Amino acid sequence: MRIAEKLALAYPDAACSLVFSNPFQLVIATILSAQCTDKRVNQVTGPLFRRWPDAESLAAAAPREIERMIRSTGFYRAKARNIRGCAESIHARHGGEVPDRLEDLVKLPGVGRKTANVVLGTAMGRAEGIVVDTHVGRISRRLGLTSTREAVKAERELVAVVPKRHWIAWSHWLIEHGRAVCRARRPDCGRCVLGRLCRKVGVERPAAE
DNA sequence: ATCCCGAGGG
DNA sequence: CCCTCTGGAT
């Protein structure tokens with residue numbers, strides 16, 4: 001529990017920064033957020049959800065038109081295909097409602113384990129695990145919790161070290177820590193609250209203090 | 001140049 | 001395991 005306590009002090013307000021008003025919108029926004037800042041996602045989701053507010057309407061949208069609206073988020077062709085496919089599946093196979101089980105979410109096009117965990121925890125209040133993105137996976141490796149890149153293993157190890165309630169909040173804390181301090185290159189170890197709790201596995205050159 | 005709050009496919 | 005998809009930020 002030590003790791004979690006220290007992170008809580010360091011990032012008291014960490015939270016999801018995507019703008020959404022229902023689970024459907026969060027699924028779409030989260031898919032768009034891959035390799036892209038939340039700020040830019042929020043810029044495109046405004047017009048996007050005004051034009052296609054629900055699964056039924058997005059499922060019927062012209063792919064070209066979707067691509068045009070989300071271009072600036074990168075990977076726009078794949079993302080357009082995926083969010084439209086999501087809308088189709090949610091509309092046709094789930095009665096227009098986003099499924100609330102991990103196994104069903106992961107079957108939606110463009111939704112992997114990371115996105116599914118974000119949606120469950122953030123929009124449904126049903127977090128089933130810690131969200132492991134590239135940041136969190138890296139932290140897990142440096143802490144010495146995992147040695148491979150398998151997100152599922154990292155998730156299992158972190159779940160064992162973090163309090164059982166509020167997993168989604170802990171996830172946001174970890175993500176923020178990985179982004180701001182435990183960076184991929186030149187991690188700011190001098191500013192890290194974890195201190196000696198970290199084994200610094202593979203940390204070649206920390207930033208000067 | 002290099003990396004990113006991924007996922008799918010080989 | 002590896003690769004690809006893309007634009008934007010730094």
Side-chain angles (χ1 to χ4, degrees), chain A residues 7 10-11 13-20 25-45 47-48 63-64 66-90 98-99 102-123 127 129-142 146-155 158 162 167-188 202-207:
Chain A
L7 286 176
Y11 309 102
D13 299 320
C16 178
S17 50
L18 294 172
V19 175
F20 66 98
Q25 293 187 357
L26 182 62
V27 173
I28 304 305
T30 307
I31 290 172
L32 296 181
S33 76
Q35 306 298 96
C36 176
T37 61
D38 287 358
K39 184 182 170 191
R40 189 157 295 280
V41 173
N42 290 333
Q43 285 171 356
V44 310
T45 50
L48 189 74
R64 293 293 176 199
I66 299 176
E67 290 179 12
R68 225 182 307 125
M69 294 191 82
I70 67 172
R71 198 169 350 164
S72 66
T73 66
F75 298 156
Y76 66 90
R77 234 162 307 187
K79 285 177 179 175
R81 192 185 334 116
N82 285 151
I83 65 177
R84 190 174 186 279
C86 261
E88 277 175 352
S89 177
I90 291 168
V98 177
L102 189 66
E103 53 176 303
D104 293 328
L105 279 166
V106 170
K107 286 178 190 158
L108 298 174
V111 178
R113 199 182 173 82
K114 184 261 176 183
T115 299
N117 271 150
V118 168
V119 171
L120 276 176
T122 305
I130 296 291
V131 174
V132 179
D133 63 1
T134 58
H135 292 320
V136 180
R138 181 174 63 248
I139 293 173
S140 171
R141 268 172 265 130
R142 287 179 175 162
T146 44
S147 54
T148 70
R149 236 144 279 238
E150 292 173 64
V152 182
K153 282 187 186 172
E155 188 180 334
L158 287 165
V162 161
W167 271 336
I168 193 63
W170 295 116
S171 296
H172 289 303
W173 272 302
L174 285 164
I175 290 166
E176 176 57 20
H177 187 250
R179 191 195 62 75
V181 177
C182 195
R183 304 173 294 227
R185 285 173 311 179
R186 307 202 66 207
D188 199 351
V203 176
E204 53 318 300
R205 194 168 66 116

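Side-chain atoms are counted along with the backbone in the values below, which use heavy atoms only and exclude waters and symmetry mates. Bear in mind that the values here come from a model prediction, so they are computed numbers and not experimental data. Chain A is the first sequence line, chain B the second, and so forth, proteins listed ahead of strands; every chain is numbered from 1.
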Nearest-Å distance for atom pair [atom1]/[atom2], residues [X] and [N]:
{"X": "A:N82", "N": "C:dC5", "atom1": "CG", "atom2": "P", "result": "15 Å"}
{"X": "A:K79", "N": "C:dT4", "atom1": "NZ", "atom2": "P", "result": "18 Å"}
{"X": "A:L32", "N": "C:dT6", "atom1": "CG", "atom2": "P", "result": "14 Å"}
{"X": "A:R186", "N": "B:dA1", "atom1": "CZ", "atom2": "P", "result": "21 Å"}
{"X": "A:E150", "N": "B:dG6", "atom1": "CD", "atom2": "P", "result": "19 Å"}
{"X": "A:I83", "N": "B:dA7", "atom1": "CD1", "atom2": "P", "result": "15 Å"}
{"X": "A:R185", "N": "B:dC4", "atom1": "CZ", "atom2": "C1'", "result": "10 Å"}
{"X": "A:E67", "N": "C:dC5", "atom1": "CD", "atom2": "C1'", "result": "12 Å"}

A:E155/A:R113 ion pair, N-O < 4.0 Å: yes

Salt bridge or not for A:E67 and A:R71, using N-O below 4.0 Å? no

Between protein and nucleic acid, restricted to nucleotides 7-10 of chain C and to nitrogen or oxygen atoms under 3.5 Å apart, what atom pairs and distances do you find?
unit_1, atom_1, unit_2, atom_2, d
C:dG7, N2, A:Q35, O, 2.7
C:dA9, OP1, A:R40, NH2, 2.9

How about [X] and [Y]: do any of their side-chain heavy atoms sit closer than 4.5 Å?
{"X": "A:V27", "Y": "A:C86", "value": "yes"}
{"X": "A:N117", "Y": "A:L102", "value": "yes"}
{"X": "A:D133", "Y": "A:L174", "value": "no"}
{"X": "A:V181", "Y": "A:P187", "value": "no"}
{"X": "A:S140", "Y": "A:K153", "value": "no"}
{"X": "A:L32", "Y": "A:L48", "value": "yes"}

Please give me every residue in residues 107-117 of chain A whose heavy atoms get under 4.0 Å of an atom in DNA chain B, ordered by residue number. A:L108, A:P109, A:G110, A:V111, A:G112, A:K114, A:T115

With nearest nucleotide decided by heavy atoms, which residue, A:V106 or A:S17, maps closer to the 5′ end of DNA chain B? A:S17

When we call it a touch if two heavy atoms are under 4.0 Å apart, what does A:R138 touch: a base, just sugar-phosphate, or nothing? sugar-phosphate

Quick check: on DNA chain C, is the nucleotide nearest A:R77 upstream (toward 5') of the one nearest A:T148, or the reverse? Name the residue that is more 5'. A:T148

Would you say the side-chain atoms of A:S89 pair up with the backbone N or O of A:G85, donor to acceptor, closer than 3.5 Å? no

